[in-house]
Number of protein chains: 2
Amino acid sequence: MNKKYSMSYETFLKNFKLHISKLGFKNSIQKDYILKILFFSDEHLTAEDISNNIKKEYNIDVGIATVYRTVKFFDEINIINSLDVGDNVKRYELKISEHHDHLVCTSCHKIIEFSDDLIEEKQKNIAKDNNFELKNHTMIIYGLCEDCH
Amino acid sequence: MNKKYSMSYETFLKNFKLHISKLGFKNSIQKDYILKILFFSDEHLTAEDISNNIKKEYNIDVGIATVYRTVKFFDEINIINSLDVGDNVKRYELKISEHHDHLVCTSCHKIIEFSDDLIEEKQKNIAKDNNFELKNHTMIIYGLCEDCH
DNA sequence: CTGCATGCAAAACTTTTGCAAAGTG
DNA sequence: CACTTTGCAAAAGTTTTGCATGCAG
């Protein structure tokens, strides 16, 4: 529980509630907890992780189907990133810090985040050159980390 | 069947056979056909696609388990890229043309390839800065293509 | 109250694996 | 021949879905 954002959880949650009610959807404690776990987690969590962590940290049961439906919903309203690090499971993280990309160790599966303004800039240009309306992007660099080679 | 490489299929196949025999593995007609389909395809194929296309184009049955085992093998010997465009299926392409990345339309799922030297360069630096031995990378830009917005 | 959200269990998919049989070098 | 590879079917794992019930606005 030590992730640092430009925004407190309270502010984030308030904005979120406003946002979904504007869209005509209903909030629920399940959504709150999924959001909370994602907000405070330093990891990239799978749906299973999310459900387990909510149980572990808050002793609340959120069905796995609900987690899947919720992350899909979060994805549709564009507040979440999903990434597959190569093991056929989707992992999720909130899109609240500045955009970043990932370095993944192919041996120990450690994930390191990085960001690079120049690459961000280039990506915008590439989208523009191809007449794409840029929505999102993922970049994963695979390699062997320091400890593994 | 109009993909253009720096190498003919015959040359490619010969190199491949040499390569795997050096590694102590055996070739098979199944591997040949999987390679052939991938070599001549303009698309990013799923395992299912590969099996179906071999049946359709050459009327040869290659079990889906064999396709999965083979693409995994190809991945281990580093001659294939796999990518998940967001639909929980892996798609494969040979690593024979110069490296490129992908623009994916979130509406019609069209895939456009691009490459950018500057980004490639930056990626190398990022790996180096983090003491990673760079092996591979994937970058996907998601957006709405020209036809879809 | 209306209708979206949830939970459960079943279903749908994709991918992996065990084992006997076949094929390669 | 020895040993890898294949095919089949079963298993495993992830994600989706139908439906009755619950809950938010």
Side-chain angles (χ1 to χ4, degrees), chain A residues 13-14 16-37 44-55 58-77 79-92 109, chain B residues 13-14 16-37 44-55 58-77 80 82-92 109:
Chain A
L13 188 62
K14 205 170 62 188
F16 169 75
K17 289 187 175 174
L18 208 64
H19 189 40
I20 65 169
S21 84
K22 266 188 199 151
L23 294 171
F25 294 102
K26 293 180 177 170
N27 198 29
S28 64
I29 31 170
Q30 288 83 351
K31 285 207 189 82
D32 280 359
Y33 277 102
I34 293 171
L35 221 41
K36 195 168 186 179
I37 279 292
H44 298 74
L45 304 175
T46 65
E48 207 73 50
D49 291 338
I50 293 171
S51 177
N52 292 340
N53 290 5
I54 293 173
K55 178 65 179 173
Y58 307 110
N59 200 36
I60 288 191
D61 289 297
V62 178
I64 193 70
T66 301
V67 176
Y68 277 109
R69 278 187 283 235
T70 304
V71 293
K72 179 164 281 191
F73 171 70
F74 285 176
D75 191 52
E76 276 154 16
I77 66 172
I79 64 166
I80 211 172
N81 274 322
S82 81
L83 103 144
D84 177 353
V85 150
D87 53 358
N88 295 323
V89 203
K90 282 257 164 64
R91 288 165 196 281
Y92 306 92
H109 303 105
Chain B
L13 188 61
K14 205 169 65 189
F16 169 76
K17 288 187 174 174
L18 208 64
H19 189 41
I20 65 169
S21 85
K22 266 189 199 151
L23 294 170
F25 294 101
K26 291 179 179 174
N27 198 27
S28 66
I29 35 170
Q30 287 84 350
K31 286 205 189 83
D32 280 359
Y33 277 102
I34 291 171
L35 221 41
K36 196 167 185 177
I37 279 291
H44 299 74
L45 304 174
T46 66
E48 207 72 52
D49 291 338
I50 293 171
S51 177
N52 292 340
N53 290 5
I54 294 173
K55 178 66 178 176
Y58 308 110
N59 200 38
I60 288 191
D61 289 298
V62 178
I64 194 68
T66 301
V67 176
Y68 277 109
R69 278 187 284 236
T70 304
V71 292
K72 179 163 280 191
F73 171 69
F74 285 176
D75 191 51
E76 277 154 15
I77 66 172
I80 211 172
S82 81
L83 101 145
D84 177 353
V85 150
D87 54 357
N88 296 323
V89 203
K90 283 255 163 66
R91 289 166 196 281
Y92 306 93
H109 303 105

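Numbered from 1 within each chain, the chains take letters A, B, ... in sequence-line order.
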Among the candidates [options], find the nucleotide nearest to the side-chain atoms of [X].
{"X": "Asn88(B)", "options": "dC19(C), dT15(C), dT16(D)", "answer": "dT16(D)"}
{"X": "Val62(B)", "options": "dG3(C), dC3(D), dG7(D)", "answer": "dG7(D)"}
{"X": "Lys31(A)", "options": "dT16(C), dA5(C), dG7(C)", "answer": "dA5(C)"}
{"X": "Phe25(B)", "options": "dT4(D), dA5(C), dC8(C)", "answer": "dT4(D)"}
{"X": "Lys26(B)", "options": "dT6(D), dT16(C), dT24(C)", "answer": "dT24(C)"}
{"X": "Gln30(B)", "options": "dG25(D), dT6(D), dG18(D)", "answer": "dT6(D)"}
{"X": "Ala65(A)", "options": "dC8(C), dG25(D), dG25(C)", "answer": "dC8(C)"}

With a 4.5 Å cut-off on side-chain heavy atoms, are [Y] and [X] touching?
{"X": "Thr70(B)", "Y": "Gln30(B)", "answer": "no"}
{"X": "Val71(A)", "Y": "Ile50(A)", "answer": "yes"}
{"X": "Tyr58(A)", "Y": "Ile37(A)", "answer": "yes"}

Check the phosphate of dG7(D) against Thr66(B), side-chain N and O only, distance under 4.0 Å to OP1 or OP2. Yes or no?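 Yes.
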Is Ser28(A) near enough to dA5(C) that one of its side-chain N or O atoms lies under 4.0 angstrom from OP1 or OP2?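 No, Ser28(A) has no side-chain N/O under 4.0 Å of OP1/OP2 on dA5(C).
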Do the two ring centres, one from Phe73(B) and one from Phe25(B), sit under 6.0 Å apart?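 Yes - the distance between ring centres of Phe73(B) and Phe25(B) falls below the 6.0 Å cut-off.
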Under 4.0 Å, heavy atoms only, any strand: does Tyr68(A) hit a base, just the sugar-phosphate, or nothing?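 Here Tyr68(A) touches the bases of the nucleic acid.
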